[in-house]
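Following: one structure in structure tokens, then a few remarks.
Order of listing sets the numbers, starting from 1, for every ligand and every atom in it.
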Amino acid sequence: MKKKIVLIGANSSLAKQLIKKLKNTTQLLQLTRNNVDVVKSFEKLKKILNHFKPSIIVNCVGVTKFLECEKDPSNAYLVNSNFPIKLSEYTKGRNILLIHFSTEAVYEDGLKQLPNENTPPNPSTIYGNSKYIADMALLRAENTLIIRLPTLVGPTQDHQIINKILKKLNLGQKVFVSKDIYSTPINTVDFSNFFLKDIIFKKTFYKKKIIHLCSKKRLSTYQIIKKIVNEKEVIQRIIPVSENFFKNKFVKPKKLGLKSIYKKCTRIFKYE
Ligand SMILES: NC(=O)c1ccc[n+]([C@@H]2O[C@H](COP(=O)([O-])OP(=O)(O)OC[C@H]3O[C@@H](n4cnc5c(N)ncnc54)[C@H](OP(=O)(O)O)[C@@H]3O)[C@@H](O)[C@H]2O)c1
């Protein structure tokens, strides 16, 4: 019998990639905001879950942009903290595994050593703090697995910086790219394979409570782009600049990134 999985936040960029792997291999129920607003209608969500009876819930819902969280903290806390906590209360005693995604943004900016699963978080942004509150609660709950992620690069990550830059380059435009915003990026194609094989089927990490997925070395956005783009003519149109060049009102953390104590969670970053 195929595993019964509910994926909440099915329109999220990460979810779109995971769905490609899950849809033919599991009995998958995809829920978007159109099906249920998880903040306004949690009771409706509970009814759907009671009816479907999943063995796994994957939560891809989030307010994921730093600026959006700073502008509307109350929504950020409702979606990023309260909702996963309510989900973990729902799964309690029901023999359902809750898989939830967290972020490198729970750590402070500029740590000399990359933080691993045992490093205590210390967020400096509303986004990071709202995610950290859920992490703390889910760590204490039964049957939960938190997967902390760095910058994601992949075909479905269209609202993110790397794909936006690549789109401009494909249009023949010149682009200014940060040389001082760092992460330990992973490719979502590689991650979705790992997610299906190691997490869902082999259950390797079910008992670990929290894992970090990451590549080995911090790379700046500029370095990531240079790894993806080969043609000389295109490379000439990429101009490395400091993040300050963009004169954003909100100062983003510059040096994030993750490290893992598990060998399998340390991935090789390749663009496919
Ligand atoms: N992308 C990254 O680089 C990255 C890095 C680290 C961690 N993560 C974590 O990975 C997870 C997925 O991230 P993502 O980038 O794929 O997210 P995303 O593309 O920003 O999508 C978030 C989804 O949440 C949904 N949502 C927000 N509020 C909702 C509500 N009240 N009711 C129902 N749905 C709601 C949105 O629905 P609409 O489409 O209707 O707006 C959207 O589909 C998040 O937990 C994030 O923190 C992502």
Side-chain angles (χ1 to χ4, degrees), residues 6-20 30-46 48-49 57-69 72 74-88 98-107 115 121 123 125-135 138 144-164 181-192 195 210-215 219 221 224 252-253 256-258 260 265 267 269:
V6 173
L7 192 152
I8 314 174
N11 274 342
S12 99
S13 2
L14 175 61
K16 283 181 187 155
Q17 186 61 44
L18 296 179
I19 288 165
K20 291 184 192 177
Q30 303 174 33
L31 298 178
T32 67
R33 196 197 292 259
N34 282 343
N35 303 115
V36 55
D37 183 308
V38 298
V39 170
K40 291 185 192 145
S41 320
F42 192 78
E43 287 306 310
K44 183 179 174 190
L45 175 64
K46 270 164 72 174
I48 298 172
L49 296 173
I57 296 175
V58 181
N59 177 29
C60 284
V61 167
V63 181
T64 59
K65 294 194 181 97
F66 282 105
L67 196 56
E68 220 175 289
C69 293
D72 189 353
S74 100
N75 188 48
Y77 285 109
L78 283 172
V79 176
N80 293 342
S81 317
N82 290 26
F83 171 58
I85 293 171
K86 278 164 109 177
L87 261 185
S88 72
L98 171 60
I99 301 179
H100 172 74
F101 295 104
S102 180
T103 163
E104 59 185 353
V106 299
Y107 291 105
T125 58
I126 303 284
Y127 174 54
N129 198 42
S130 64
K131 298 293 289 184
Y132 179 45
I133 289 172
D135 288 5
L138 266 59
T144 53
L145 174 64
I146 300 166
I147 305 178
R148 279 208 188 115
L149 299 171
T151 290
L152 301 177
V153 181
T156 62
Q157 300 301 120
D158 283 342
H159 76 269
Q160 288 191 313
I161 189 71
I162 301 294
N163 285 15
K164 284 184 181 167
I181 297 276
Y182 287 85
S183 182
T184 47
I186 59 168
N187 187 311
T188 55
V189 177
D190 171 60
F191 174 65
S192 59
F195 185 79
I210 187 153
I211 56 173
H212 287 182
L213 259 287
C214 50
S215 50
L219 294 175
T221 310
I224 298 173
K252 270 197 246 169
L256 294 176
L258 298 168
S260 180
C265 296
R267 316 299 298 177
F269 172 69

Could you find the nearest protein heavy atom to [atom] and give me its residue, atom name and distance?
atom: atom 35 (C) of ligand 1; value: Val61 CG1, 3.7 Å
atom: atom 45 (O) of ligand 1; value: Lys131 NZ, 2.7 Å
atom: atom 32 (N) of ligand 1; value: Val38 N, 3.0 Å
atom: atom 3 (O) of ligand 1; value: Gln160 NE2, 2.9 Å
atom: atom 28 (N) of ligand 1; value: Arg33 NH2, 3.5 Å
atom: atom 15 (O) of ligand 1; value: Ser13 OG, 3.7 Å
atom: atom 12 (C) of ligand 1; value: Cys60 O, 3.6 Å
atom: atom 24 (O) of ligand 1; value: Gly62 N, 3.1 Å

Just go through [options] and tell me whose heavy atom is the nearest to [atom].
atom: atom 5 (C) of ligand 1; options: Ala134, Pro84, Pro150; value: Pro150
atom: atom 21 (O) of ligand 1; options: Ser12, Gly9, Gly128, Ala15; value: Ser12
atom: atom 6 (C) of ligand 1; options: Ile147, Leu149, Thr64; value: Leu149

Using a 3.5 Å distance criterion without hydrogens, assess whether the side chain of [X] forms a donor-acceptor pair with backbone atoms of [Y].
X: Thr184; Y: Leu258; value: yes
X: Asn163; Y: Gly154; value: yes
X: Ser130; Y: Tyr127; value: yes
X: Ser260; Y: Cys265; value: no
X: Ser192; Y: Val189; value: yes
X: Thr156; Y: Ser13; value: yes

### Query
Phe42 ring centre to Lys86 NZ or CZ under 6.0 Å, with the angle to the axis within 45°?
yes

Look at ligand 1 and say whether [X] reaches it with a heavy atom at a distance under 4.0 Å.
X: Ala105; value: no
X: Phe83; value: no
X: Glu104; value: no
X: Val63; value: no
X: Arg148; value: no

### Task
Could you walk me through whether Leu45 and Leu87 pass side-chain contact (heavy atoms from CB on, under 4.5 Å), step by step?
CA-CA 10 Å; Leu45 175 64; Leu87 261 185; 4.3 Å; yes

### Query
Just checking, is any N or O donor in the side chain of Ser183 or Glu104 under 3.5 Å from an acceptor N or O on the other one?
yes

Under 4.0 Å, heavy-atom basis, I'd like to know which part of [X] is in contact with ligand 1: side chain, backbone, both or neither.
X: Ala10; value: neither
X: Lys65; value: neither
X: Lys40; value: neither
X: Phe42; value: neither
X: Val36; value: backbone

### Aromatic ring pairing Phe101/Phe195, orientation class (parallel under 30°, perpendicular over 60°, tilted between)
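Tilted: the ring planes of Phe101 and Phe195 meet at 30° to 60°.
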
